[in-house]
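All figures in this text were calculated on a predicted structure; none of them were measured in a lab.
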Amino acid sequence: MSELASESFKAPHNENGPTGRLWGVGLGPGDPELITVKAARLIESAGVIAFHSARHGRSIARSIAKHYMREGQIEEPLMYPITTETTDHPGGYLGALEDFYEECAARLAAHLDAGRDVVVLAEGDPFFYGSYMHLHKRLAHRYPTQVVPGVTSVSAASAELGRPLVEREETLTVLPGTLGAEKLTEKLKTTDSAAIMKLGRTFEKVRTALQDAGRLDEAWYVERATTDKQRIEPLADVDPSTVPYFSVALLSSRAAAVTPTAVPQPTSGEVVVVGLGPAGREWLTPEAQDALATATDLVGYGPYIDRVAPNPRQRRHSSDNRVEAERAAFALDLARGGAKVAVVSSGDPGVFAMASAVLEVAEEYKDVPVRILPGLTAANAVASRVGAPLGHDYCVLSLSDRLKPWDVIASRLSAAAKADLVLAIYNPASKSRTWQVEAARDLLLEHRSADTPVVIGRDVGYPAESIEIVRLAELEPSKVDMRCLLLIGSSQTRLTENGKVFTPRRYPEPS
């Protein structure tokens, strides 16, 4: 059986029933808020809480975990018989500890055999110079066991110091202060960064090793990191008589100590025209998401700006939908001043949207870079809801006569219908344009069968989305508004029995 059994491990039975589970739970460096959610849950739910303490009976581990303990739990204090290497035990210091751990393991085994789950509290991480591992080695092969990692004192000390441990290809060496002086010096000379544990009575030896390695001026001392008794000093200034066991010596990343000499240059501005797709964030491309996230300014039609989540770091510039050229000039002026501007468009910015407006105005702003990021256009979104009506050649038209005369629209509709193209019709109607849908239908019926499938897609991607498929002859203008897109089939477009619409890729040979 693996020493680190999974939570799904099936508990073995003894003659009295199933056994309990052993948990080695890391508590982090001292701040109770740095306990993981899982550790807090296990501490609260355990039947038995075990923790180490010195002869005075006070337990740092229990003081950290007490915020998550509850009334009625069984507590098993595991009190060290000695805290120095001075002992009259026949096996010496190591022998005394071996007997202690055997006795502790037996006490916990009694609870496990009775079916009680046991949580052993461990400061920092249970497998990082922790006492828990001595119990683990004695019990994990006999009982279902899992270790819950914790934030180590090294990580906490680095965070409180505000200096990274390692960068790029640097190496980190973790050393116990109990190593011999020569070995400490040798390792400190060759490593990039180092954390030295178990200080206390070893502190003077560690400081000498740092000095001999030529690293003393780089070293920092962090005591009881993240607690209200935290102390941080240059290690060379620390009084050895004040150093407790729970302290760390750090040699941080050498790269972190280098002050950049290059003067940061002002960020050059740019305009990025971003396609938002037809609806929510799930329709956005990763490239578009990145452009929106890194922009300093958002420019666009008000309802489109509202689709981008607010960020107080960014400035938002909303405008009416009928001032595209003015909006483009405003965005380009911002970028000329150094701003990173995202001009937002619904769907794809190159389909009846802001890309062409920005590029037209940008001819007068040759010093401002402009990028266009595509988005999923409404024609493809509506088509996907019904099948593949755009599976063959198709034509994209706007019925809006605000920027081009109706005569041009009518001639293009007739030409596309005569060419037997599927049509994707944008901007079919608005409050002020109510007659174009009927006129377009009648034009198309001159070249297209009355039974031609027409897809009416409204608000695709939104909760109020609706899709309707009707015959061309039955296309009712009153059902169509600005939030709709129409797909009108060719002579080859088919409506299947299960309600799917598709246009075959193969076109029939002329007879």
Side-chain angles (χ1 to χ4, degrees), residues 270-311 314 316-325 327-328 330-332 334-335 339-362 368-386 388-391 394-400 403 422-428 455 457-467 482-487:
E270 69 166 346
V271 171
V272 184
V273 189
V274 180
L276 299 179
R281 181 181 176 86
E282 64 274 14
W283 298 82
L284 272 175
T285 67
E287 188 178 33
Q289 291 182 37
D290 180 67
L292 294 173
T294 56
T296 61
D297 294 76
L298 302 179
V299 174
Y301 176 42
Y304 300 159
I305 288 280
D306 293 342
R307 286 174 50 186
V308 182
N311 185 328
Q314 297 173 324
R316 300 163 75 91
H317 311 276
S318 300
S319 57
D320 186 83
N321 201 30
R322 293 166 292 183
V323 291
E324 291 181 347
R327 184 186 306 143
F330 178 75
L332 289 159
L334 286 175
K340 295 184 68 174
V341 184
V343 176
V344 297
S345 270
S346 181
D348 182 281
V351 180
F352 304 122
M354 280 301 297
S356 58
V358 170
L359 291 173
E360 184 176 1
V361 177
V368 178
V370 176
R371 292 188 292 133
I372 313 297
L373 300 185
L376 180 62
T377 187
N380 300 119
V382 173
S384 71
R385 294 306 202 223
V386 296
L390 305 180
Y394 65 95
C395 175
V396 177
L397 285 170
S398 170
L399 288 194
S400 173
L403 299 175
V422 175
L423 284 91
I425 296 182
Y426 285 70
N427 309 317
V455 181
R458 173 183 281 106
D459 290 334
V460 170
Y462 289 97
E465 172 184 316
S466 68
I467 299 290
M482 195 66 176
R483 302 197 314 276
C484 294
L485 181 130
L486 305 180
L487 297 178

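Within the model, atoms CD1 of I425 and CG of L399 stand 5.0 Å from one another, a figure rounded to the nearest 0.5 Å. The CG atom of D320 sits 7.5 Å away from the CZ atom of R327 when rounded to the nearest 0.5 Å. Rounded to the nearest 0.5 angstrom, R458 CZ and L485 CG are separated by 11.5 Å. Rounding to the nearest 0.5 Å places SG of C484 at 11.5 Å from CG of N427. Within the model, atoms CG of L298 and CZ of R316 stand 6.0 Å from one another, a figure rounded to the nearest 0.5 Å. In this structure, the separation between OG on S466 and CZ on R483 is 8.5 Å, given to the nearest 0.5 Å.
Contact annotation: the side chain of L332 approaches that of V370 to within less than 4.5 Å [non-hydrogen atoms, C-beta and beyond]. No side-chain heavy atom of L423 sits less than 4.5 Å from a side-chain heavy atom of L486. A 4.5 Å side-chain heavy-atom check between V272 and L292 finds every atom pair outside the cut-off.
Listed by first and then second residue, the side chain to side chain donor-acceptor pair (under 3.5 Å) pairs that reach into residues 377-386 are T377-Y426, R385-E465, sequence neighbours excluded.
Contact record, P389 with L487: CG-CD1, 3.7 Å, taken as the closest heavy-atom pair.
With sequence neighbours excluded, the residues satisfying side chain to side chain donor-acceptor pair (under 3.5 Å) with E270 are R371. In this structure, Y394 has no ring-ring contact (aromatic ring centres under 6.0 Å, His included) partners at least two apart in sequence or on a different chain. Taking T296 as the reference, R315, A339, K340 meet the side chain to side chain contact (heavy atoms under 4.5 Å, CB included) condition, with sequence neighbours excluded.
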Show every donor-acceptor pair shorter than 3.5 Å between a side-chain atom in residues 275-291 and any protein atom, with sequence neighbours excluded, or say none if there are none.
from, atom 1, to, atom 2, distance (Å)
R281, NH2, Q289, OE1, 2.7
T285, OG1, A288, N, 3.0

Using a 3.5 Å cut-off and no angle test, enumerate the donor-acceptor pairs between side-chain atoms of residues 341-361 and protein atoms at least two apart in sequence or in another chain.
from, atom 1, to, atom 2, distance (Å)
S345, OG, M354, N, 3.2
S346, OG, R307, NH1, 3.3
D348, OD1, G350, N, 2.6
D348, OD2, G375, N, 3.1

